[in-house]
Amino acid sequence: MRERMRLFQRQKFESPPRKKELKTKQNKTKPTSEGLDELEIAPLALTNDSEQTAEEKSEGAFHPLLKHQLAQHRGISEPLPSEWESFVRAIDVVYRQFDADRAMLERSLDLSAQELLRANFDMRAVLQAFPDLIFLLNSDGTILDCKGGTTTDLYLPKEKLVGKKIQSIPLAGVSSKFSDSVNLMKEKRSSVTLEYSIDNGGRASCYEARFVPLLEHQIIVNVRNITDYKEAEEELRNTLSLLSATLESTADGILVVDREEKIVRFNRKFVEMWRIPEEIISSRDDNRALEFVLNQLKTPEAFLAKVRELYASPEAESYDLLEFKDGRVYERYSKPQKVDGKSVGRVWSFRDISEQQRLEEQLQQAQKMEAIGQLAGGVAHDFNNLLTVINGHCEFLLDQMGDDLSPRKEVEAIRKTAERAANLTRQLLAFSRSQILQPKILDLNDIVMNMDKMLRRLIGEHIDLLSVKGKDLWPVEADPGQLEQVIMNLAVNARNAMSNGGELLIETCNLTVDDSVKGEVPPGKYVTLTVADTGCGMSPEVQKRIFEPFFTTKEVGRGTGLGLSTVYGIVKQSGGHITVQSVLGKGTAFSLYLPMSERAILEMGTGKIRLEQFKGKEAILLVEDEEEVRAVIIKVLNQQGYTVLAAVNGSEALTVLERHSGRIDLLLTDLVMPIMGGTELAEKLASRRPDIKVLYMSGYTNSDSVRQRILSAGSAFLQKPFTPTELTRSVRETLDAGKKD
Ligand SMILES: Nc1ncnc2c1ncn2[C@@H]1O[C@H](COP(=O)(O)OP(=O)(O)OP(=O)(O)O)[C@@H](O)[C@H]1O
Ligand SMILES: [Mg+2]
């Protein structure tokens with residue numbers, strides 16, 4: 001092409017062709033004086049000689065310029081000699097090719113110029129719309145041109161900048177950085193980026209300057225205001241740090257996964273809660289982690305199914321409880337993580353609620369026992385009154401009968417049955433914790449020692465009894481009789497669990513429970529008594545119900561199911577706790593925790609006393625609302641020589657007292673009565689007859705405050721149902737109590 005261009009240039013002709021000669025069929029020329037520039041030349045294809053027409057073969061068909069030259073050389077009319085023909089034709093072809101090339105070149109030049117113009121225009125528009133500052137520098141940093149950005153103003157008006165060196169722009173601390181960057185860029189021969197900030201009174205503006213080398217040693221500098229970006233970056237850093245601190249400070253285990261269920265993030269608590277070894281964490285193997293997690297669950301399939309279900313529904317939220325093989329219980333929440341309303345992953349959080357669940361279960365159990373206790377106490381109250389009457393009348397009958405055997409046997413049977421019934425109600429009262437305990441300060445070892453013989457007889461020879469007594473036991477406060485009852489009940493149960501023989505261990509020791517032990521027993525100092533056997537043990541289901549009254553696994557008629565509920569009631573009423581551990585087929589251990597008593601005096605007394613010793617001549621004011629009970633008591637007391645004045649309630653008692661001018665030695669009163677109860681009456685009497693002794697009796701006291709008042713006043717108390725002997729013994733003891741002082 002270049003070659004052809006050169007040829008074309010050499011072919012420039014000096015004078016224009018004449019009009020007439022330029023007329024050709026093929027080439028429409030504009031015969032003007034301006035020369036060939038004006039010629040319209042159609043694109044020309046090279047043709048073969050054989051295809052040319054006769055006219056074309058004639059001179060008139062030649063390229064105008066060739067025709068013109070031939071004319072000049074040979075004159076206009078002279079025909080072309082035939083030996084020239086092929087030569088001239090070849091020249092014609094070359095001429096025509098020149099024309100075609102030139103036309104093409106002109107068109108392409110025309111196009112390039114237009115494109116260049118457009119590109120230049122576009123470039124300016126882009127620069128104008130560009131938010132950055134642009135400097136064009138020569139190699140030493142002199143500003144050749146510049147423009148302010150839409151968000152970044154020039155430091156000075158353009159006129160003042162052009163011609164100055166960029167290094168000398170008066171910006172504190174920045175000029176030297178510009179200088180360094182120019183030098184560095186020249187040295188590296190590649191672009192250099194510089195970040196700097198300018199404090200314009202308050203908010204510092206941050207900039208990024210990019211120095212890019214151009215051809216011919218020029219430099220283009222692009223300065224961008226990055227203040228907003230920097231602030232956003234800072235805010236992002238703060239947010240991330242806050243997020244990370246929050247994630248690590250929560251008590252919940254948190255795991256974040258992406259849409260493909262790949263682990264994205266987790267906190268330390270998550271690792272701790274799931275006990276994932278460091279080695280699995282560092283392997284970053286999600287499948288291994290999942291397998292490790294699943295292995296701990298009671299129903300791994302259910303959990304896996306849930307995971308898959310949630311994976312299939314990315315918008316779903318869900319919650320449930322996870323039960324572990326080792327008894328732990330976790331709450332599980334799962335929520336989608338959303339960006340612009342679209343879910344991009346999922347957050348799983350886990351909360352250990354094992355302790356909370358245990359406490360809730362305990363509370364539920366305690367509430368259930370409380371309710372049953374109230375019911376049992378109420379029933380026992382009514383029964384006690386009935387049994388007192390039955391017992392009393394039996395006793396009278398027996399007294400009157402003498403030694404006549406036949407009716408005596410039946411009455412004895414009635415009395416025995418009534419006694420057994422009275423025992424049952426006593427146990428119910430113990431369970432309902434509404435009996436009056438008479439706690440004494442005691443050494444648990446003494447109790448165990450005193451019971452040793454009796455226990456050996458009770459459990460039989462096929463069971464070995466082993467007593468381990470803790471040294472220097474702290475004193476505890478409990479009702480010794482009740483405590484014996486507790487140990488007896490536990491020992492009998494143990495015996496029943498070891499029908500083929502075994503070992504019964506009774507162990508006492510001091511124990512301090514501190515805050516670190518999260519169990520059924522609150523922190524404090526305790527003396528513990530453990531009764532353990534190597535018997536059949538219990539299933540967890542049985543264990544849950546053993547303290548319920550009437551719960552028994554024994555056959556009908558063999559167990560009442562009141563043994564452990566009595567134990568439970570007595571222990572709770574003494575301010576203690578009871579725990580049980582049992583393994584089916586291996587054995588069971590019950591542990592009592594009795595709080596250590598600060599009082600250090602040991603008070604224990606026993607003794608067998610007979611009815612005859614309880615006679616007396618004192619005057620007694622009896623207040624009892626149940627008519628039949630009242631009648632029995634009057635009869636018993638009269639028989640023993642006492643004078644009895646009776647009233648049905650407190651207010652009637654006051655009237656009786658006013659009318660009675662003689663001496664009254666004892667007030668024997670029921671605690672609960674419809675009009676003025678026992679304690680209120682005693683208080684009223686205290687001012688009028690200060691030397692009167694008081695003996696309360698009741699079948700049921702469910703009010704803690706009443707029990708407390710009786711105990712703190714040191715008043716005597718008689719638990720219903722009572723036998724005539726127990727009644728007269730209590731009356732006598734109360735009357736004599738003052739005399740000993
Ligand atoms: N040491 C033990 N080993 C195995 N199971 C026991 C033991 N102690 C109690 N149990 C279970 O607890 C149940 C309730 O005991 P509880 O003493 O309250 O009633 P009981 O022994 O069945 O009847 P009762 O004591 O009134 O004669 C028993 O039936 C038995 O299933
Ligand atoms: Mg029992």
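These values consider heavy atoms only, across backbone and side chains, with no hydrogens, waters or symmetry-generated copies. Note that ligands are numbered from 1 as they come in the structure, with each ligand's atoms numbered from 1 the same way. Everything numeric in this text was worked out from a predicted model, so none of it was measured.
- Of all the heavy atoms of Asp533, the ones lying under 4.0 Å from any atom of ligand 1 belong exclusively to the side chain.
- For Asp464, the salt bridge (Lys or Arg N to Asp or Glu O under 4.0 Å) test picks out no residue, with sequence neighbours left out.
- Atom CG of Leu398 and atom CD1 of Ile414 lie 9.0 Å apart (nearest 0.5 Å).
- The protein non-hydrogen atom at the shortest distance from atom 22 (O) of ligand 1 is Thr552 OG1, 2.5 Å.
- Using a 30° and 60° split on the angle between ring planes, Phe547 and Tyr568 fall in the tilted class, from 30° to 60°.
- Heavy-atom separations between Phe547 and ligand 1 are all 4.0 Å or longer.
- Scanning the protein heavy atoms around atom 20 (P) of ligand 1, the nearest turns out to be Lys554 NZ, 3.5 Å.
- Between the side chain of Thr579 and the backbone N or O of Glu520 there is no donor-acceptor pair closer than 3.5 Å.
- Close contacts of ligand 1 with Phe551, meaning ligand atoms under 4.0 Å from a residue heavy atom, involve 14 (C), 19 (O).
- Checked by atom type, the side-chain pair Arg328/Tyr330 shows a donor-acceptor distance below 3.5 Å.
- Remark: side-chain polar atoms of Thr299 are not paired, donor with acceptor, to backbone N or O of Glu301 under 3.5 angstrom.
- When Ala532, Ser539, Ala497 are checked for heavy-atom proximity to atom 4 (C) of ligand 1, Ala497 turns out nearest.
- Considering only non-hydrogen protein atoms, atom 26 (O) of ligand 1 sits nearest to Thr560 OG1, 2.5 Å.
- A donor atom on one side chain and an acceptor atom on the other are not found under 3.5 Å apart for Glu395 and Asn391.
- Side-chain contact check for Thr528 and Ser591: no donor-acceptor pair (N or O, by modelled atom type) lies under 3.5 Å.
- Atom CD of Glu628 has 12 or fewer heavy atoms from other residues, nucleotides or ligands within 6.0 Å.
- Ranking the protein heavy atoms by distance from atom 17 (O) of ligand 1 puts Asn493 ND2, 2.8 Å first.
- Residue Asn493 counts as close to the Mg ion (ligand 2), with an N, O or S atom under 2.8 Å.
- Residue contact check for ligand 1: Asn489 places no non-hydrogen atom closer than 4.0 Å to it.
- Of all protein heavy atoms, the one closest to atom 5 (N) of ligand 1 is Met538 CG, 3.4 Å.
- With a heavy-atom cut-off of 4.0 Å, Leu564 touches ligand 1 through backbone and side chain alike.
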Show which side-chain atoms of residues 490-502 pair as donor or acceptor with protein atoms under 3.5 Å away, not counting sequence neighbours.
unit_1	atom_1	unit_2	atom_2	d
Arg495	NH1	Leu458	O	3.1
Asn496	ND2	Val492	O	3.4

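- Residue contacts with ligand 1: Gly537 is placed with no nitrogen or oxygen under 3.5 Å of a nitrogen or oxygen of the ligand (distance criterion only).
- Inclusion of Asn496 in the set of residues having an N or O under 3.5 Å from an N or O of ligand 1 is not warranted.
- In terms of protein heavy atoms, atom 11 (C) of ligand 1 is closest to Ile546 CG2, 3.9 Å.
- Judged by distance alone, with hydrogens and angles left aside, the side-chain atoms of Lys325 form a donor-acceptor pair with the main-chain N or O of Asn295 at under 3.5 Å.
- Under a 4.0 Å heavy-atom criterion, Gly561 is in contact with ligand 1.
- Protein heavy atom in closest approach to atom 30 (C) of ligand 1: Thr553 OG1, 3.4 Å.
- By the 3.5 Å distance cut-off applied to N or O atoms, Leu562 is counted among the residues near ligand 1.
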